[in-house]
Structure formats: structure tokens, C-alpha cells
Number of protein chains: 2
Amino acid sequence: MTQQPFHHGNLRAVLLDQAERTLRQGSVDDLSLRELARQAGVSHGAPRSHFIDRQALLDAVAERGFERLTEEVGRAGAAHPTDLAERLRAAATAYVRFAVTDAALLELMFSAKGTGSAPGVQAAAGRFFSTFGALFDADLRAGRFRGTDPERTRLLFVAVLQGVAALIASHRVSAEQGAGLVDEAIELMLA
Amino acid sequence: MTQQPFHHGNLRAVLLDQAERTLRQGSVDDLSLRELARQAGVSHGAPRSHFIDRQALLDAVAERGFERLTEEVGRAGAAHPTDLAERLRAAATAYVRFAVTDAALLELMFSAKGTGSAPGVQAAAGRFFSTFGALFDADLRAGRFRGTDPERTRLLFVAVLQGVAALIASHRVSAEQGAGLVDEAIELMLA
DNA sequence: ACCTGAACACCGTTCAAGT
DNA sequence: ACCTGAACACCGTTCAAGT
């Protein structure tokens, strides 16, 4: 009875969970469809029913990553509705934490491969960027930033976070130094 | 006579050249040792004489990439010995150009895989960062930056460039927008 | 609709053998 | 010192067959 096929329509979710776990302790190269199937206790052909090929699985993982990042950054920002600098710091902290605990996932999310093709990933990335932009909106209009072009200001902050994440992922700076860099950036951006 | 073994000790360089070319029109996943050997007209086992495994080849490619990036950014900066903002802009332009024409290579260079292990890559990366830092030195001491900690100022600029490069590579901003972001960053950093 | 299992082409790696 | 070619284990992908 307990030996009946382990999954009933949730193999897809099981594979994605396992893929995320694998990414958390290795690189995207370590992600093998056959190994995932093995860990899920199904045959190596089974994933085919849910993902047309390996890239489709990676796309789904990236999409999920963007959704989680959006949620975590958005929540961190929402905790500070009045204080702008504090809100940016909180959002940045959430971003850096994500970059530290899920370095390989973030790399996958922002690789040309991940963002280049799949529309689902594109859409999820778009939602992330607009949620991120919303952190600035009211204060941008109020002119509390030194920057000139509002859109530019937003993108610049994303670039800083992304760059800091890359420096941390490549072990060039520590997570603490990364937080310091973010603080410095916020300081420079505020009028 | 012309059918004698094509390479005489320069197979290593041929493989690295071909690897770079492959990276320029694809991702690191498209890089296959066997395919490189095929293109070089040698047997699939031949690369083994020069690279112990695939990772060793990737390391060598990354190291070479850092050396070229160092050279190009350094040269761009050296063309403007007096004007600080112009020097940073020139160096940043060189960096962004590299990020555009060699996106996959840059990704390899900054991936945890590339920088994580091999000492040669670490050393080349270190030389790049110190060359990059040298662009700031005189003016940092002269206090021409708004930033507080000099080391932080340097790292922040690298982070901005790296982040802008990632945004361009993931097709989220154009190369022109990237240049605009860099200009904005320089403006914000200068006192 | 979902999963199995054989089949195929490709890859990285190893290694004895050649020059 | 450098390269060849067979061998091995692993992988992604396809597909007919089962339930």
C-alpha cells in the first residue's frame, strides 16, 4: 500500500523542491534530471511529463526564485512604510541574504540563459523589478534622492545590489562588507 | 608533410582561443572538450596533455579573461591621467564593452566556480582589482569623493559596474542605458 | 494523464600504447 | 613530451508501452 507510486500529480513540485535544495549546496552544473528523478524515487523518464527538457526545469526554478525574492524583498520593505532609508536598507538586507543563501539560484535567475528565453521567467523578473521599484515611488516624486532620472535611480540601486551579490558570491567580499557597501550606496543616493 | 601533427606545443593556445570564440557566441554550457578537440583537429584525449579536466580549461579561460580585462580597463584609464571623472568614465566604458562582447566569459570569470577554487584565477582577479583600484588612488587621498571609506568607494564602483554588466547581460537594460547608469554613479560619487 | 524502461547520441575521464 | 584510440560511467532526450 505504501509502495504505490509515491507521487500523485505532485512530482513536479517535488522535483522543483529538490532542485532548489541541490542548488543551495552546489552549482547549476550539479543539477541532473536523472539524479533528481532518482531522489524522487521515479524513473529517469518521469520528469518528462512535467518538464519538456532540462532547460524547462531550470526556467521553472528561476521563475520560482524570482517569486520568492519578490516576496521577501517586498515584505522587508513593507515593514518600514515611513522611513525611506530604513526601507531601502531592509529591502537590501533581504536581497543580500537571498544572494548568500541561494547564490547559485540567483546566478541562474540572472544568467542570460535564465532571463533570455522563457516568457514565464521574464514575467516573474518583471514583477520583481516593479515591486522593487515600488519601494522608491513616493519618495522619488518627493525628490528625496540626489539622482536626476527616477528610473535611473531605481536601476542604479538594483545594479548595486546585483553587483554586491556577485562580489559576495565570488568570495571577494564578506556578507558584512556587502552590507556596508549597500549602506554607503544608500547614503550617497539620498539628498 | 603538411599532414604532420598540426600542433607543436601550441595546442594549448589553440584550445583556449577556440574556447573564447565559442563563449562569445554561446554560454559556458556549449563548451565541450571533445568539440574543442574536434575543431582543433586532434583526438578527444589530446586536451588532457594540457588541461587535467574541463574545469582546468575553464579556469585558464577565466584567468586569461581577467588579464585582458585588466589590460583594457587599465589602458582606458591611463588615457586620462588628469581628469578623474573622465578616467572613471573611460574605464567603465571599457568594462561595459567587455561585458557586452564577452558576456559569457565575464559570467564565467565571476561565477563562484571560476573564482572559488583555482589559485591562478584568484591571482588574476586580484591583479584586476588592484589595477582598478589604482584608478582612484591619488584622488581618493585628495578627498575628491563623497564616500567615507576609500576601500568602500572602490568596491562600490566595482559593484556598480558588475551590476550594470549583469543587467545588460540579462537584457534588462541596453548598453546605452548601462552607460547612463555608470555616468549617474560617477556623478553621485564625486563630491 | 502520468510513469516505465529500452534505446541512442553525446560527454568527461582514464589509461595503455604509440611517436 | 605529446597525442591516439578504446573503454567506462554518466547524462539528456526520445518513444513505445504500460496503468
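Every chain is numbered from 1 and lettered A, B, ... according to where its sequence line falls, protein lines coming before strand lines. This one's a predicted model, so the numbers in the text were calculated from it and none came from an experiment.
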Inset, instruction - Taking only the side-chain nitrogens and oxygens of B:S43, find out if one of them lies under 4.0 Å from OP1 or OP2 of D:dT4. - result: yes

Legend entry - Salt bridge A:E35-A:R38, side-chain N to carboxylate O under 4.0 Å: yes

Inset, instruction - Find the distance B:D29:CG to D:dG12:P and express it as a whole number of Å. - result: 12 Å

Inset, instruction - Whole angstrom is fine here: how far is it from CG in B:D30 over to P in C:dC10? - result: 15 Å

Legend entry - Whole angstrom value for the distance that separates P of D:dC10 from CG of A:L36: 16 Å

Legend entry - Rounded distance (Å) that lies between atom P of C:dG12 and atom CG of B:L15: 12 Å

Inset, instruction - Nearest whole angstrom, please: distance from the C1' of D:dA7 to the CZ of B:R34. - result: 10 Å

Inset, instruction - Whole angstrom is fine here: how far is it from CG in B:L33 over to C1' in D:dC3? - result: 15 Å

Inset, instruction - Using a 4.0 Å cut-off on protein heavy atoms (strictly under), produce a 5'-to-3' string for nucleotides 14-19 of chain D with B for base contact, S for backbone-only sugar-phosphate contact, and - for none. - result: B-----

Inset, instruction - Determine the contact category for B:R12: base if any of its heavy atoms lies under 4.0 Å from a base atom, sugar-phosphate if only primed atoms, P, OP1 or OP2 are that close, otherwise nothing. - result: nothing

Inset, instruction - Give B:S32 one of three labels, base, sugar-phosphate or nothing, depending on what nucleic acid heavy atoms sit under 4.0 Å from its own. - result: sugar-phosphate

Inset, instruction - Determine, for A:R64 against A:D17, whether the closest basic-nitrogen to carboxylate-oxygen distance falls under 4.0 angstrom. - result: yes

Inset, instruction - Not counting sequence neighbours, which residues clear salt bridge (charged side-chain N to carboxylate O under 4.0 Å, His left out) with B:R146? List them please. - result: none

Legend entry - Integer-rounded Å distance: D:dA9 C1' and A:R38 CZ: 11 Å

Legend entry - Ion pair check, A:D139 and A:R87, cut-off under 4.0 Å: yes

Legend entry - Enclosure of A:E187 CD (heavy-atom neighbours >12, cutoff 6.0 Å): no

Legend entry - Side-chain donor-acceptor pair present, A:E184, B:T148, cut-off under 3.5 Å: yes

Inset, instruction - Give DNA chain C the dot-bracket treatment, 5' to 3': Watson-Crick (N1-N3 with N6-O4 or O6-N4) or G-U (N1-O2, O6-N3) under 3.5 Å, [ ] crossing, | other strand. - result: ||.|||||...|||||.||

Inset, instruction - Say whether A:Y95 and A:E72, considering side chains only, have a donor N or O and an acceptor N or O under 3.5 Å apart. - result: no

Legend entry - Salt bridge flag under 4.0 Å for residues B:E151 and B:R154: yes

Legend entry - Whole angstrom value for the distance that separates P of C:dC10 from CZ of B:R54: 17 Å

Legend entry - Phosphate OP1/OP2 of C:dA1 contacted by A:H50 side-chain N/O (<4.0 Å): no

Legend entry - Output field: ring centroids B:F110/B:F66 closer than 6.0 Å: yes

